[in-house]
Amino acid sequence: MNQDFLKPYDHSQEEKIYHRWEGSGFFNPDKFLPRSLQKSKKDYFSIIMPPPNANGSLHVGHAVMIALEDILTRYFRLKGKRTLWLPGADHAGFETQVVFEKKLEKEGTSRFEILNQPQGKERLFQMIWDFTLNNKKHMEDQIRRLGASCDWSREKFTLDPEIVKIVYQTFEKLYKDGLIYKDKRMVNWCIKHQTTLSDLETKYEERKDSLYYIKYGPLTVATVRLETIFGDTALAVHPKDKRYQKFIGQELEVETLIGKRKIKVIADEIVDPHFGTGVVKVTPAHDPDDYEMWKRHKNEIAGPCQVIDQFGRLDLLRHFPGNKKAQKYHGLKISQAREIIANDMQSLGLIEKIDFDYKHNISLCYKCLTPLEPRILDQWFLDLSSPQAKKKLVLPALEAVKKGKIKIIPKFQEKIYFHWMKNIRDWNISRQIVWGIPIPVWYCQENEKNFVISQDQPNHCPFCKKCVMKKEEDVFDTWFSSGQWPFATLMAQKSKNGSDFKDFYPTSVMETGYDILFFWVARMIMLGLYVTGKVPFKVVYLHGLVRDKDKQKMSKSKGNVVDPLGVVEQYGADALRMALVVGNSPGQDVIYDENKIRGYRNFSNKLWNIARFVISSTESLLDQIISQKGNFWKNLSKLEKEDKKLLKEFQGIKKKVALEIEKFRFSQAAEIAYHYVWHRFADEIIEGKKKILSGDNEKERNSSALLLYFILYQSLIMLHPFMPFVTEAIYQRLPKKEKEFLMIEKW
RNA sequence: GGGCGUUUAGCUCAGUUGGUUAGAGCGCAUCGUUCACAUCGAUGAGGUCGCUGGUUCGAAUCCAGCAACGCCCACCA
């Protein structure tokens, strides 16, 4: 027997095994099964790895992703399909910049300090670039340690020039189809991060605030946002509210904090007569509803009057120059202002009453949890609400899932997808940050309404013919580029004469967490169909999130994150993978449990010992019972009757495991294989054969030896997708084997 | 305000079209190291399958209602 078949199993050899795999080139479908040898064009399996954000280390959630995708990849490779698993990394615009800004804060500086220096923007970009590339390298090594059999030669980064080029092409196509527009609209603004955010990047939280009942002449209005009163341009009531009929259309002369003013009363359906007093103040510059209301009453009332600046401070002098009373409030932060205003109004008798325990939802920046400030800004949008947008982007994406061209697992997530898609709104795709793909637009300096779409600076301005065109400062929302990931990564494979897209698109499966169904999956479906006319993937498998023992989401701030590398070092990647796969059903969260990992570490060792025993007790007989040339298992038909039964039983198990994998029931598949190998094969079959193997009935002995060796050999194949390392380690020590690596065996 | 998910042994979870005494892992109890493995083996204790009602010869499984927990979506000041 092999000299290093020591006990117990030592998982520290995992790293070496991975190097051998990677060095062999078999992760690359071109080496594993060149296109010329592929039986039919459809005989492929492809999966694009959701590119992890290159701004930190992987967490156990990523380990779930790697485990599940590697199971699929290794299984279909063993099945002999031309198999591609394409890895990547995401620059993760806003998220990465937030991480980097935190780092700067720790170092006692800030993004704004750097931006204020000469060449600040370029410098900051370069700093984040270096930071990201460093993290990316580290991440790739982590992915390797988890055993991912992905093709590194095809790895893509969202900022690779080939990817950016494709993103630009898509942008231009959308623009030409009238689906991209730039417009002043009310958007979510984070006063800390100084950028807009999409509707998905907001978080709602219930807060207890004071609801102030303030007097506007004869009317009383209930409001939380006292500080916006300076921006009020009207009052509104419900058109059918009997109490206020006589006021509708009237212009009231009222006393305010900063003097007398006139304010008009309008009627609008949106006003709920049962809330507060049934009268609302209309503040078009600082409330989305009010903004919409103003649009409906443009002819009657004044437009947005912005009294809060981009940093969340009162900005009054612009609107009320020379008003000494306004000066007092100018420059105050919102929370401060609210208190002072309340006091002043109370002493002027302008507050009727205050409800101190008013509970309501406010929207927050999902990263820093600062209340978002709605602002009217000129932003780029992807149209998702007009009839033509419905026709070209939304409906095809709905139909694809409805008609089963894309299957979402678990099925209940389809309902959630439909609901979101049906209520989808225009998507703000521009961000005021440096870390991202620049929006490829150049403006005429004479008139900024005129612009051209171009990656490089145009030689001359086609509008005024004389200016040097000015570059758009904003970058794309990260999801605008990752939303194109499946086709972009495959189209960008220029070294392979552009055939990857033909060979591997649509991809077979998209495996990711359910938390990014809207952020990512929905957008990939829309943009994939739009650009290629085909679905980007046939199946969406949504795994659950890993939580800690108290069912808490893992996060750095809670300090409950588990570093997968530490676990891998202690128990081996195989053990971690099994622990994360078993008991993990789609869409359902998994609880991280170290005991479970220990249990599967024990299983690695069990398997190792099974192999030691089977090899040592059959080795001397193998020459007689196994043929190295031609039909490797030719003597299988000569098995004893009893053994044939056991053989059949095993084949049934293996078939079941395959079926479960193909049905994406990984947990069941792993458990069936595990249970068979330990409790049937080891505990019963091997135990039962011990006497025969040491007995003197040669026929029975040969039959038993062949059976045990066969089941061991096949069990390695069966377990390999789940526990690639230990199975390969054993395979390499088999006295007789068919292939160079277990990973390229036949299922 | 809508919608979704979960509720099965002390813990974490399986249980795919309804069918014999409801399963696994961990944990627990007792016993066992010449004989592949103590990261092990053998044996065992432990469940009114959230509650109520219904369909059925038969329900953890289907239907209705309720409850608890969790999550998502939503422009009500």
Side-chain angles (χ1 to χ4, degrees), chain A residues 1 5 7-11 186 199-200 202-204 209 211-212 221-226 228 232 235-236 270-283 286-293 358 360-361 363 374 410 412-420 422-425 514-515 517-518 544-545 547 549 551-553 571-572 575 578-579 582-585 587-617 659-660 663 665 667-668 670-672 674-675 678-679 682-683 686-687 690-691 693-694 708:
Chain A
M1 188 163 61
F5 225 134
K7 64 175 179 175
Y9 169 62
D10 173 16
H11 62 257
M186 186 150 289
D199 293 334
L200 281 176
T202 65
K203 210 184 145 173
Y204 286 91
D209 276 310
L211 183 66
Y212 302 94
V221 175
T223 184
V224 170
R225 299 213 58 189
L226 255 197
T228 64
D232 293 351
L235 298 177
I270 198 174
V271 181
D272 176 2
H274 304 294
F275 183 89
T277 59
V279 187
V280 300
K281 62 198 221 29
V282 183
T283 322
H286 298 289
D287 184 279
D289 284 345
D290 294 0
Y291 183 62
E292 292 305 312
M293 225 190 302
Y358 176 61
H360 66 143
N361 280 334
S363 58
F412 73 80
Q413 292 279 356
E414 288 187 359
K415 277 189 235 169
I416 298 171
Y417 171 82
F418 289 139
H419 180 260
W420 189 74
K422 280 177 190 159
N423 296 295
I424 199 165
R425 299 192 298 173
Y514 65 80
D515 53 332
L517 178 63
F518 307 145
L545 275 34
R547 293 172 181 275
K549 277 192 190 109
K551 301 205 177 183
Q552 295 290 308
K553 239 186 214 177
Y571 300 109
M578 278 297 273
V582 175
N584 185 344
S585 52
Q588 231 56 61
D589 293 347
V590 235
I591 286 176
Y592 176 84
D593 180 5
E594 197 168 331
N595 275 328
K596 205 167 159 190
I597 299 174
R598 207 172 288 131
Y600 288 108
R601 187 267 322 259
N602 295 353
F603 180 55
S604 299
N605 188 51
K606 184 74 185 182
L607 189 61
W608 183 256
N609 279 301
I610 289 170
R612 292 180 52 196
F613 177 77
V614 171
I615 291 168
S616 65
S617 55
L659 202 70
E660 296 288 17
K663 281 159 76 182
R665 294 159 54 92
S667 174
Q668 282 75 4
E671 223 175 336
I672 291 167
Y674 166 86
H675 198 261
W678 195 324
H679 300 296
D683 290 351
I686 290 179
E687 287 305 321
K690 278 182 177 170
K691 263 192 190 161
L693 287 171
S694 56
L708 293 187

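Residue numbers start from 1 in every chain, and the chains themselves are labelled A, B, ... in the order their sequence lines are given, proteins ahead of strands.
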Distance below 4.0 Å between A:Q668 side-chain N/O and B:rG15 OP1 or OP2 | yes

For RNA chain B, write out the stems as range with range, using runs of 3 or more consecutive Watson-Crick or G-U pairs with both distances under 3.5 Å.
-> B:1-7 with B:67-73, B:10-13 with B:23-26, B:28-32 with B:40-44, B:50-54 with B:62-66

Residues two or more places apart in sequence or in another chain: which of them pass side-chain hydrogen bond (donor to acceptor under 3.5 Å, both in side chains) with A:Y291?
-> none

Who passes ring pair (Phe, Tyr, Trp, His ring centres under 6.0 Å) against A:Y592, sequence neighbours left out?
-> none

What residues, two or more places apart in sequence or in another chain, satisfy side-chain hydrogen bond (donor to acceptor under 3.5 Å, both in side chains) together with A:E671?
-> none

Sequence-distant partners of A:D515, side-chain hydrogen bond (donor to acceptor under 3.5 Å, both in side chains), two or more places apart | none

Listed partners of A:D289 passing side-chain hydrogen bond (donor to acceptor under 3.5 Å, both in side chains), at least two apart | none

Any chance you could list the contact pattern along nucleotides 70-76 of chain B? Use B for base contacts, S for sugar-phosphate-only contacts and - for none, protein heavy atoms under 4.0 Å, 5' to 3'.
-> --SSBBB

Report yes if at least one side-chain N or O of A:T283 is closer than 4.0 Å to OP1 or OP2 of B:rA77; otherwise report no.
-> no

Going by atom type alone, with no hydrogens or angles, which donor-acceptor pairs under 3.5 Å involve a side-chain atom of residues 600-607 of chain A and a protein atom two or more places apart or on another chain?
unit_1 : atom_1 : unit_2 : atom_2 : d
A:S604 : OG     : A:Y600 : O      : 3.3
A:N605 : OD1    : A:Y9   : N      : 3.0

Minimum-distance nucleotide to A:E660 side chain [options: B:rU39, B:rC13, B:rU16] | B:rU16

Sorted by chain and residue number, the salt bridge (charged side-chain N to carboxylate O under 4.0 Å, His left out) partners of A:D199 (sequence neighbours excluded) come out as A:R425

Looking only at N and O atoms, is any donor in the side chain of A:R598 or the base of B:rU39 less than 3.5 Å from an acceptor on the other one?
-> no

Partner set under ring pair (Phe, Tyr, Trp, His ring centres under 6.0 Å) for A:H675, not counting sequence neighbours | A:H679

Compare the minimum distances between each of B:rA77, B:rG15, B:rU16 and the side chain of A:K663, then state the nucleotide with the smallest one.
-> B:rU16

Produce a footprint string for nucleotides 27-37 of chain B: one letter per nucleotide, 5' end first; B if the base is under 4.0 Å from any protein heavy atom, S if only the sugar-phosphate is, - if neither.
-> ---------BB

Looking at side-chain heavy atoms only, is the closest gap between A:D10 and A:W608 below 4.5 Å?
-> no

In chain order, what residues pass the ring pair (Phe, Tyr, Trp, His ring centres under 6.0 Å) check against A:H274, with sequence neighbours excluded?
-> none

